[in-house]
Amino acid sequence: MPTTLAPREALDAARAGTLLLIDIRTPAEWRDTGLAQGAIALDVETPAFEVRLAGLRLDHRGKRIALIDRSGALSASTRDKLAGRGFRDILAVRGGMLGPGGWLAEKLPVAAYP
């Protein structure tokens, strides 16, 4: 089972309704670059992050979850931490928003963050 997803694959799966794309960066980062189109903003640093993620999983049964961050490193470490706590089918988007081969490098659409 793969543990990462290319940005284009994440966009296509989110558009197809088979994937929840979750941007785990901070509000300042969201304002700086915008959110990946279709992403749900959920700051990994908030105390209720795992509870809110579990709620999203319940609301969207059967969908895989992909995490996107700035460069891909935080998404990968968060995915691994969550897997150790029983979360399954969580992927990290390779390159994040700003890394080489990431969302912006691939010129994928973004939505402004209020």
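Just so you know, residue 1 is the first one in the sequence shown, and it goes up from there. If you're wondering where the values come from, they're calculated on a predicted model, not measured in any experiment.
- Minimum heavy-atom separation, Ala92 to Ala76: CB-N, 3.8 Å.
- Considering only heavy atoms from C-beta on, Thr18 stays 4.5 Å or farther from Lys63 through its side chain.
- The two residues Leu11 and Pro109 make their nearest non-hydrogen contact at CD2-CD, 3.7 Å.
- Placement of Leu53 and Leu21 in two distinct hydrophobic clusters is found when ILVMFWY residues are connected by side-chain heavy-atom separations under 4.5 Å, directly or transitively.
- Transitive grouping of hydrophobic side chains (ILVMFWY, heavy atoms separated by less than 4.5 Å) brings Met97 and Leu108 into a common cluster.
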Can you list the steps and then say if Ile22 with Ile65 is a side-chain contact (heavy atoms from CB on, under 4.5 Å)?
-> CA-CA 7 Å; Ile22 301 178; Ile65 292 176; 3.8 Å; yes
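- Side chain of Arg88 to backbone of Ala83: a donor-acceptor contact under 3.5 angstrom is found.
- Note that the CZ atom of Arg8 and the CD atom of Glu106 stand 7.5 Å from one another [nearest 0.5 Å].
- Distance CG/Asp69 to OG/Ser75: 3.0 Å, rounded to 0.5 Å.
- The local environment of CZ in Arg79 is crowded, with over 12 non-hydrogen atoms from other residues, nucleotides or ligands closer than 6.0 Å.
- Side-chain polar atoms of Arg25 and Thr33 form a donor-acceptor pair below 3.5 angstrom.
- Rounded to the nearest 0.5 Å, atoms CG (Leu35) and CD1 (Ile68) are 9.5 Å apart.
- Considering only heavy atoms from C-beta on, Leu67 comes within 4.5 Å of Leu82 through its side chain.
- Annotation: ring pair (Phe, Tyr, Trp, His ring centres under 6.0 Å) contacts involving residues 64-102, sequence neighbours excluded, are absent.
- Following chains of ILVMFWY side-chain contacts shorter than 4.5 Å, one can reach Leu98 starting from Val93, so the two form part of one hydrophobic cluster.
- Proximity of Leu5 to Leu91: side-chain heavy atoms (C-beta onward) are separated by under 4.5 Å at one or more points.
- Between Glu29 and Arg70 there is a salt bridge, with a side-chain nitrogen of the basic residue lying less than 4.0 Å from a carboxylate oxygen of the acidic one.
- Put simply, the side chain of Arg64 does not reach to within 4.5 Å of the side chain of Leu20, judged on heavy atoms.
- Side-chain atoms of Leu42 and Leu56, non-hydrogen and from C-beta on, do get closer than 4.5 Å to each other.
- More than 12 heavy atoms of other residues, nucleotides or ligands sit less than 6.0 Å from atom CZ of Arg57.
- Minimum heavy-atom separation, Gly99 to Ala105: O-CB, 4.0 Å.
- Here Thr78 pairs with nothing under the side chain to side chain donor-acceptor pair (under 3.5 Å) rule; sequence neighbours left out.
- Within the structure, ring pair (Phe, Tyr, Trp, His ring centres under 6.0 Å) pairs that include any residue of residues 89-114 comprise Trp30-Tyr113 (at least two apart or interchain).
- Two residues are said to be in side-chain contact when any heavy atoms from C-beta on lie closer than 4.5 Å; Ile24 and Leu74 meet this criterion.
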